[in-house]
Amino acid sequence: MGLARRPNRSRRQPPKFLDRFRRKGDKPPTAEKRSGPPRRHQNQSRKDKRCPPSVPTIYATTLRNASRHPTPTTQTFRWQPAVGNGKVGPVLRSLDAVLNHVISANTGGLPRALLVAGALRPKADATQAVIALARDLVARNEQVVLVDLARGASVVSGRLGMPRVPGFTDLAAGRASFSDVIRIDDETPLQVITAGNPAVPGDGREPDRFMRVFEALTQAYGCVVLHADIATVQALLPALKFELPAAVAVLQDGASLDSAKGALSTFKALGCPIVVYEAGGRLRRMGLFSRSAAV
């Protein structure tokens, strides 16, 4: 006498005792079948070759959490920030020495983020230095993004031959998405977010908006290089304080530390080590047909 075959219970059926509660003519419930590919969620971002898929997802999660709990986030930047204890390092005339100093101070690895800004205004121009440093970092790690925070005329888009708009200000204001603002350097795999429209009005929440974008970028990229002028550093000081492992203050050729004493006090308030780079060094050729960069 063979064993009785067990019924297939892979597809659960409703209990039979429920039949007594159904009206005549009612059909028993069955599982709906849908043909075709699975649906894409309406909030699911499409993959873009330039933008890592994790960046829009992380940024959307940050915005969603901030909307659910807005009070702690906004109050954080209303408090009086603590006094930073950043120390000013030696004055270096070589970008190679600057990069080696930053990496050695970061226990031999790439920094999570690096701020490069001019230490004098209005003549301070750190665009050439920040582009050269970002390209050198790309040679060590391809996941590097250069973000321009400057609102003045000295922006990286001019030297890289990229449009300024849309850029960071448009992204932070919600007028553009990551796929709209991320561009690729013509000479290296460096990804760039230009400054954006300087006429975007501020509402006092710029540090909060910057922090949301910054958190998403630091989780998606190996290194985030920030370019700013001294006015932007002062405006974003509540958000930048104690978030940077290092900062580079760019001095014009022939300038002294005494002439940049006011700007260096702003760098000290960041609470991170400061490397001073004196621009005007010799130029190094990046390639046979490439642009030259200061060394």
Side-chain angles (χ1 to χ4, degrees), residues 83-141 144 146-150 152-156 158-159 190 223-237 240-286 291-295:
V83 178
N85 56 352
K87 297 181 179 180
V88 179
V91 179
L92 304 176
R93 292 184 55 86
S94 168
L95 285 178
D96 288 337
V98 171
L99 188 59
N100 293 333
H101 184 85
V102 170
I103 293 178
S104 61
N106 198 52
T107 64
L110 290 180
R112 169 174 170 261
L114 178 65
L115 172 67
V116 182
L120 291 175
R121 54 180 179 180
K123 296 181 179 181
D125 186 0
T127 56
Q128 187 175 8
V130 72
I131 292 173
L133 286 173
R135 286 175 172 173
D136 286 343
L137 287 171
V138 167
R140 303 168 185 259
N141 186 354
V144 178
L146 170 60
V147 184
D148 196 349
L149 306 176
S154 298
V155 290
V156 301
R159 290 186 178 271
L190 175 65
C223 180
V224 179
V225 182
L226 304 174
H227 170 255
D229 46 33
I230 194 63
T232 305
V233 174
Q234 293 174 349
L236 298 178
L237 187 60
L240 291 171
K241 185 180 293 294
F242 304 119
E243 291 290 339
L244 300 171
V248 179
V250 180
L251 290 176
Q252 297 298 318
D253 188 15
S256 61
L257 290 178
D258 294 335
S259 60
K261 187 177 298 184
L264 289 178
S265 63
T266 302
F267 280 92
K268 290 181 181 180
L270 294 172
C272 64
I274 299 131
V275 182
V276 181
Y277 167 65
E278 184 177 348
R282 61 186 178 86
L283 296 179
R284 179 184 61 186
R285 185 69 60 179
M286 300 292 293
R291 302 167 187 163
S292 57
V295 179

Please report the shortest heavy-atom distance between [X] and [Y], naming the atom on each side.
X      : Y      : value
Ala246 : Leu114 : O-CD1, 3.7 Å
Val144 : Ala134 : CG1-O, 4.3 Å
Ile230 : Phe267 : CD1-CE1, 3.9 Å

Is [Y] close to [X] at the side-chain level, that is, under 4.5 Å between some pair of heavy atoms?
X      : Y      : result
Cys272 : Pro245 : no
Val156 : Val130 : yes
Val276 : Leu251 : yes
Val91  : Tyr277 : no
Leu190 : Val225 : no

Suppose we screen for side chain to side chain contact (heavy atoms under 4.5 Å, CB included). Which residues come up paired with [X], at least two apart in sequence or across chains?
X      : value
Ala150 : Asp148, Val155, His227, Asp229
Asn100 : Arg140
Ala105 : none
Ala235 : none

Measuring from [X]:[atom1] to [Y]:[atom2], what's the distance to the nearest 0.5 Å?
X      : Y      : atom1 : atom2 : result
Leu133 : Leu95  : CG    : CG    : 5.0 Å
Thr232 : Leu115 : OG1   : CG    : 10.0 Å
Cys223 : Leu110 : SG    : CG    : 6.0 Å
Asp136 : Ile103 : CG    : CD1   : 9.0 Å
Ser94  : His101 : OG    : NE2   : 13.0 Å
Ser265 : Gln234 : OG    : CD    : 8.0 Å

Is there a side-chain contact (heavy atoms from CB on, under 4.5 Å) between Glu278 and Leu92 once you walk through the steps?
CA-CA 6 Å; Glu278 184 177 348; Leu92 304 176; over 6 Å; no
Lys268 (side chain) donor-acceptor with Lys87 (main chain) under 3.5 angstrom
no
Please identify each residue that fulfils salt bridge (Lys or Arg N to Asp or Glu O under 4.0 Å) with Arg112, with sequence neighbours left out.
Glu243
For the residue pair Thr127 / Asp125, report whether a side-chain donor-acceptor contact shorter than 3.5 Å exists.
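A pair is found: one side chain offers a donor N or O, the other an acceptor, under 3.5 Å apart.
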